[in-house]
Amino acid sequence: MTAKKKLSLSRLFRSNSDDEEDEIENELESQEEVKEEVPQIDLCQLQLPPEHALHKLWGLHMEEQGNRMSFPVLRLEGPPEQRNILSEDDIGRELSRLDSLISSTASERLVYAIPKEQDEDDDFGTDLDAQAVVFVTGDQLNAWMLVYPPVGEGAELSKSIIDKALEDNNIKYGLDEDLIKGLPENQEKYFKLHFIARGEAPVHGTNGKIVDLFSRTAKHELIADEFDRVDYASLNIVQNVDKGEVICQIIHPTLGKPGRNVMNIEIAARDGKMPAIPKGTNTELSEDGNTLIATRAGHVEFVGSRFLVKAALDINGNVDFSTGNINFLGDVHVHGDVRSGFIVKATGSITVDGVVEASVIEAGHDLIVAQGVTGNKQAFIRANRSIYAKYLENSRVYAREHLQSDSLINCDVYSDGVIQVKSAQGVIAGGKIRATREISANIIGSRSGAATSLYLGGLPCEEYERKILLKEIDDMELKLDKIERQPEGPAKAAHLSKTRLKISVNRMKLEQFDKDIKELKEKLQKEDLRRLMCGIAYPGIEVTIEDQVLHVEHESRKCTVLLSEGEICLLSS
């Protein structure tokens with residue numbers, strides 16, 4: 001074997017017996033020094049081990065040419081105007097594919113490039129022409145070319161070699177003609193990745209959307225002024241709308257724009273989707289389809305998945321003998337008072353600008369009483385959501401959600417949520433107050449020692465309604481017993497059938513009640529928020545949480561009553 005051949009093999013395979021430092025090792029060491037100086041990792045660069053076939057080919061070519069050339073740096077980057085063309089999610093996957101391609105092509109080429117021992121007259125192995133290898137990303141939108149130099153007497157890179165590689169890989173679209181044309185004359189054409197083609201990614205259409213001009217959820221916000229006073233008349237939960245007014249805008253979807261890959265194959269694009277139009281009762285689409293408008297005046301409500309326009313019943317004066325009792329499918333707005341002995345029922349919300357006297361008020365949603373309730377121990381106030389009243393006196397009150405007022409005087413209150421009596425005086429004095437989670441007030445009780453009972457926990461409204469249902473079942477069963485003792489006849493048979501059906505229906509309701517109450521209690525037990533908070537607590541107060549009872553015997557300030565480790569305790573500053 002000739003000296004030149006021995007030197008080449010020694011430098012390729014790093015003979016430990018050779019005292020001379022070979023140039024590949026020096027170059028690799030210099031690369032390691034650069035890495036130590038700049039610890040940032042180049043995510044776009046393919047990292048190959050020193051013993052990789054590509055590095056050996058590079059060393060072989062450098063030895064053959066007898067001069068130094070830059071170390072192979074393989075980076076998946078685009079043209080100068082946009083280097084980073086791959087996302088961080090894609091770069092790792094594409095580098096792995098590139099590694100596989102280069103490892104296979106370099107290893108295959110190295111087999112023929114290394115001289116065999118029996119070929120002692122050959123300085124190098126088989127003569128090989130320059131080779132152009134094309135790498136295409138998985139989405140077929142980007143293509144690079146890696147060029148291996150010739151070996152021995154092989155031909156240098158030419159336009160025909162490049163064209164053959166492009167043809168073999170079917171690269172037809174988005175070619176960088178200037179780069180390809182000048183590549184054979186490029187001094188740094190070998191062992192580099194050249195970005196040769198870029199396709200056009202499809203532009204998918206955007207989905208349409210609905211822009212609401214009215215709220216889909218009711219917002220109840222009572223704001224106190226600088227004197228801690230709340231204007232209950234200003235709580236406008238009714239969203240008024242005029243005929244022809246726009247309820248929401250409809251943004252239509254856009255069409256997608258197809259793309260084209262480097263193989264000149266069209267890439268389909270998705271068109272945007274049309275949103276569901278929330279068209280409900282008393283609404284219609286505009287002629288251009290861009291807006292949903294009200295077909296009548298009323299108030300807007302979002303129910304299920306649609307906007308509805310409901311007519312609100314306006315009572316310009318008082319509810320008295322001039323109007324009679326009110327029972328309305330929708331919202332009711334009383335601009336005056338509700339006089340004693342009258343009834344106002346609505347499936348929606350009820351707003352009273354004046355005073356509610358000893359009357360019955362039942363709201364399917366919220367109840368707002370701007371001037372308060374003077375019940376005379378006869379008022380029955382009930383809301384399936386929340387109650388907001390200036391004051392409540394001598395009344396029985398049921399709020400399935402929350403209750404907020406300036407004062408509660410001698411009331412029997414049930415709330416499945418939170419009771420807040422903290423604005424203005426914020427007094428709770430006398431009566432029985434029941435809440436699921438929290439009761440808060442500025443003052444509880446009175447200096448005269450008015451008996452005031454407060455209960456925390458459970459579901460007061462649900463449990464009260466269950467008691468009413470049980471009583472109805474008991475009454476019907478007594479009625480059934482009386483009917484069964486009557487003489488036989490068509491009337492008896494009809495009454496028996498009707499009463500038995502009612503009992504069956506009520507028992508089904510009771511079963512559902514028990515199921516709902518159990519689920520709600522289990523949910524509430526996961527986070528125990530039961531507590532009483534007040535600024536001043538006077539003697540005469542009785543607080544009950546579960547089976548624990550606390551009697552306040554001394555005046556306490558800034559106090560909190562809660563259950564701690566199964567025992568009720570009062571924390572006071």
J.: Could you tell me if the side chain of F135 sits less than 4.5 Å from the side chain of I102, heavy atoms only?
T.: no
J.: Under 4.5 Å between any side-chain heavy atoms of Q140 and M263, yes or no?
T.: yes
J.: Ignoring hydrogens and geometry beyond distance, is a side-chain donor-acceptor pair present between K172 and N170 at under 3.5 Å?
T.: yes
J.: With no hydrogens and no angle check, is any side-chain donor or acceptor of N169 less than 3.5 Å from a backbone partner on A165?
T.: yes
J.: Between L308 and G280, which heavy-atom pair has the shortest distance, and what is it?
T.: CD2-CA, 3.7 Å
J.: Examine the side chains of S286 and N290 and answer whether a donor and an acceptor come within less than 3.5 Å of each other.
T.: no
J.: Step by step, work out the salt bridge (charged side-chain N to carboxylate O under 4.0 Å, His left out) result for E462 and R400.
T.: CA-CA 8 Å; E462 296 274 358; R400 290 293 293 271; 2.6 Å; yes
J.: As a quick check of understanding, evaluate side chain to side chain contact (heavy atoms under 4.5 Å, CB included) for S96 and D99, giving each step before the final call.
T.: CA-CA 5 Å; S96 177; D99 189 354; 5.6 Å; no
J.: Give a yes or no on this: more than 12 heavy atoms of other residues, nucleotides or ligands lie within 6.0 Å of atom CZ of R270.
T.: no
J.: Over all heavy atoms of both residues, which pair between G457 and P460 is shortest? Give the atoms and the distance, please.
T.: O-CD, 4.0 Å
J.: Could you state the interatomic distance from CG (L46) to OG (S103), rounded to the nearest 0.5 Å?
T.: 7.5 Å
J.: Does I247 reach the side chain of T283, with side-chain heavy atoms less than 4.5 Å apart?
T.: yes
J.: So with a 6.0 Å cut-off around NZ of K209, is the heavy-atom count from everything else above 12?
T.: no
J.: When you measure from the side chain of S100 to the backbone of R97, do you find a donor-acceptor pair of N or O atoms at a distance under 3.5 Å?
T.: no
J.: Does any N or O in the side chain of D127 come within less than 3.5 Å of the main-chain N or O of E153, such that one atom is a donor and the other an acceptor?
T.: yes
J.: Just checking, any donor-acceptor pair under 3.5 angstrom between side chains of E156 and Y190?
T.: yes
J.: Might you work through the side-chain hydrogen bond (donor to acceptor under 3.5 Å, both in side chains) test for H365 and N384, ending with a clear yes or no?
T.: CA-CA 5 Å; H365 289 174; N384 203 42; over 6 Å; no
J.: Enter the distance from D168:CG to L166:CG here, rounded to the nearest 0.5 Å.
T.: 9.0 Å
J.: Does the N282 side chain pair with the main chain of T295, one donor and one acceptor, at a distance under 3.5 Å?
T.: no
J.: Could you report the tightest heavy-atom contact between R296 and A311, atom names first, then the distance?
T.: NH2-CB, 3.3 Å
J.: Only one of L101, I171, N142, L141 passes side chain to side chain contact (heavy atoms under 4.5 Å, CB included) with V136; say which it is.
T.: I171
J.: Any carboxylate oxygen within less than 4.0 angstrom of a Lys/Arg side-chain nitrogen, looking at R260 and E200?
T.: no
J.: Please answer whether the main-chain N or O of L183 pairs with a side-chain N or O of K189 as donor and acceptor at a distance below 3.5 Å.
T.: no
J.: Just by distance, do the side chain of H52 and the backbone of L54 share a donor-acceptor pair under 3.5 Å?
T.: yes
J.: Check the side chains of S87 and D89 for a donor-acceptor pair under 3.5 angstrom, ignoring hydrogens and angles.
T.: no
J.: Is the side chain of T347 donor-acceptor paired with the backbone N or O of G330 at a distance under 3.5 Å, no angle test?
T.: yes
J.: Is the shortest side-chain heavy-atom distance between D212 and F307 below 4.5 Å?
T.: yes
J.: Counting distance only, does the side-chain N/O of H402 pair as donor-acceptor with the main-chain N or O of V418 below 3.5 Å?
T.: yes
J.: Does the side chain of L57 reach to within under 4.5 Å of the side chain of Y148, using non-hydrogen atoms?
T.: yes
J.: Do L562 and L532 make a side-chain contact, defined as non-hydrogen atoms from C-beta onward lying under 4.5 Å apart?
T.: no
J.: Verify side chain to side chain contact (heavy atoms under 4.5 Å, CB included) between R216 and I210, making sure each step is shown before the conclusion.
T.: CA-CA 12 Å; R216 298 193 179 201; I210 304 298; 3.8 Å; yes
J.: So which heavy atom on I250 is nearest to which on M274, and how close?
T.: CG2-CE, 3.8 Å
J.: Would you call D178 and K181 a salt bridge, using N to O less than 4.0 angstrom?
T.: no
J.: For a 4.5 angstrom cut-off between non-hydrogen side-chain atoms, does I85 reach R198?
T.: yes
J.: May I ask you to check whether H55 and F71 place their ring centers less than 6.0 Å from one another?
T.: yes
J.: With a 3.5 Å distance limit and no angle check, can you tell me whether D416 reaches the backbone of C461 through a side-chain donor-acceptor pair?
T.: yes
J.: Quick check for you: to the nearest 0.5 Å, what is the distance between L193 atom CG and L98 atom CG?
T.: 5.5 Å
J.: For residues H204 and A268, report the shortest heavy-atom separation together with the two atoms involved.
T.: CE1-O, 4.2 Å
J.: Could you give the distance from CD1 (I439) to OG1 (T436), rounded to the nearest 0.5 Å?
T.: 10.0 Å
J.: Would you call E401 and R385 a salt bridge, taking side-chain N to carboxylate O under 4.0 Å as the test?
T.: no
J.: Can you see which heavy atom on A130 is nearest to which on L157, and at what distance?
T.: CB-N, 3.5 Å
J.: With rounding to the nearest 0.5 angstrom, report the CD to CE distance, Q420 to M533.
T.: 8.0 Å
J.: Short question: side chain of T291, backbone of I293 - any donor-acceptor pair under 3.5 Å?
T.: no
J.: So how far is it from K509 NZ to E465 CD, rounded to the nearest 0.5 Å?
T.: 10.5 Å
J.: Are W144 and I196 close enough, and set up right, to give a side chain to side chain contact (heavy atoms under 4.5 Å, CB included), and what steps lead you there?
T.: CA-CA 5 Å; W144 286 264; I196 59 169; 5.7 Å; no
J.: Within a 6.0 Å radius of atom CD on E108, are there more than 12 heavy atoms belonging to other residues, nucleotides or ligands?
T.: no
J.: Between V309 and V241, is a side chain to side chain contact (heavy atoms under 4.5 Å, CB included) present by the stated rule, with each step listed?
T.: CA-CA 8 Å; V309 175; V241 65; 3.9 Å; yes
J.: Taking the side chain as every heavy atom from C-beta outward, state whether L456 and R437 have any atom pair closer than 4.5 Å.
T.: no
